[in-house]
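Data first, discussion second: the structure below is written as structure tokens.
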Amino acid sequence: MAGNRTFTMIKPDAVGAGNTGAIIKMIEEAGFRIVALKKTMLTPERAGQFYAVHKERPFYGDLVKYMSSGPIVPMILEKANAVEDFRNLIGATDPKKAAPGTIRALFAKSIEANAIHGSDSDENAVIESNFFFSELERF
Ligand code: CMP
């Protein structure tokens, strides 16, 4: 059965452009409850750890640099079928392929600076949530 929580972070391009509030509004209007939220910044080392699965990809170095270039807003979100429904809300990784009305179609600048991250499985949602939040920060 699909889990009811996912993890997301609003990325440096969208935070820097002042789109944090607009994106959170879309998330809440789509029926997600915010369980945890903060504004923080990743060091290059922590960004590298978060994206360790992409270590062998040609874009890994640039991705780490970009993800540590400015503040981010990580969140844990709750809703039935959270992982899949959230990925539908944000749209495809490449904003040129993202469906109209999705968060990436509206706010992403490029395939790398693509405004927002969403976990791709229940298992990764747990791992990624634990990367940023303790149990005491979840409500
Ligand atoms: P995200 O969903 O957070 O997962 C991995 C990230 O790597 C992705 O969003 C993009 O920010 C980035 N990414 C994925 N594919 C590419 C690519 N082809 N070129 C540059 N960055 C990419």
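Order of listing sets the numbers, starting from 1, for every ligand and every atom in it. What's counted below: heavy atoms across the whole structure, side chains too, no hydrogens, waters or symmetry copies.
Protein heavy atom at the shortest distance from atom 4 (O) of ligand 1 is Tyr51 CE2, 3.6 Å. Counting only heavy atoms of the protein, atom 10 (C) of ligand 1 lies nearest to Ile111 O, 3.3 Å. Summary of contacts: the protein heavy atom closest to atom 12 (C) of ligand 1 is Leu63 CD1, 3.8 Å. If you check which protein heavy atom lies closest to atom 11 (O) of ligand 1, you get Glu112 O, 2.8 Å. Looking at atom 17 (C) of ligand 1, its nearest protein heavy atom turns out to be Phe59 CD2, 3.5 Å.
Cation-pi geometry between Arg46 and Phe132 is met: the NZ or CZ atom falls under 6.0 Å from the ring centre, inside 45° of the normal. Cation-pi geometry between Lys11 and Tyr66 is not satisfied (NZ or CZ under 6.0 Å from the ring centre, within 45° of the ring normal).
The hydrophobic cluster analysis finds Val53 isolated: no Ile, Leu, Val, Met, Phe, Trp or Tyr side chain comes under 4.5 Å of it, directly or through other members.
Under 4.0 Å from ligand 1, the heavy atoms of Lys11 that appear belong solely to its side chain. Using a 4.0 Å cut-off between heavy atoms, Tyr66 makes no contact with ligand 1 at all. Only the side chain of Asn114 comes within 4.0 Å of ligand 1, judged by heavy-atom distances.
Interface atoms of ligand 1 facing Arg104, defined by a heavy-atom separation under 4.0 Å, are 2 (O). The distance from ligand 1 to the heavy atoms of His117 drops below 4.0 Å at these ligand atoms: 1 (P), 2 (O), 3 (O).
Using a 4.0 Å cut-off between charged nitrogen and carboxylate oxygen, Arg87 and Glu84 do not count as a salt-bridge pair.
With sequence neighbours left out, Phe131 forms a ring pair (Phe, Tyr, Trp, His ring centres under 6.0 Å) with Phe50.
No more than 12 heavy atoms of other residues, nucleotides or ligands lie within 6.0 Å of CD in Glu123, so this atom counts as exposed by the packing criterion.
The shortest side-chain heavy-atom distance between Ile10 and Ile24 falls under the 4.5 Å cut-off.
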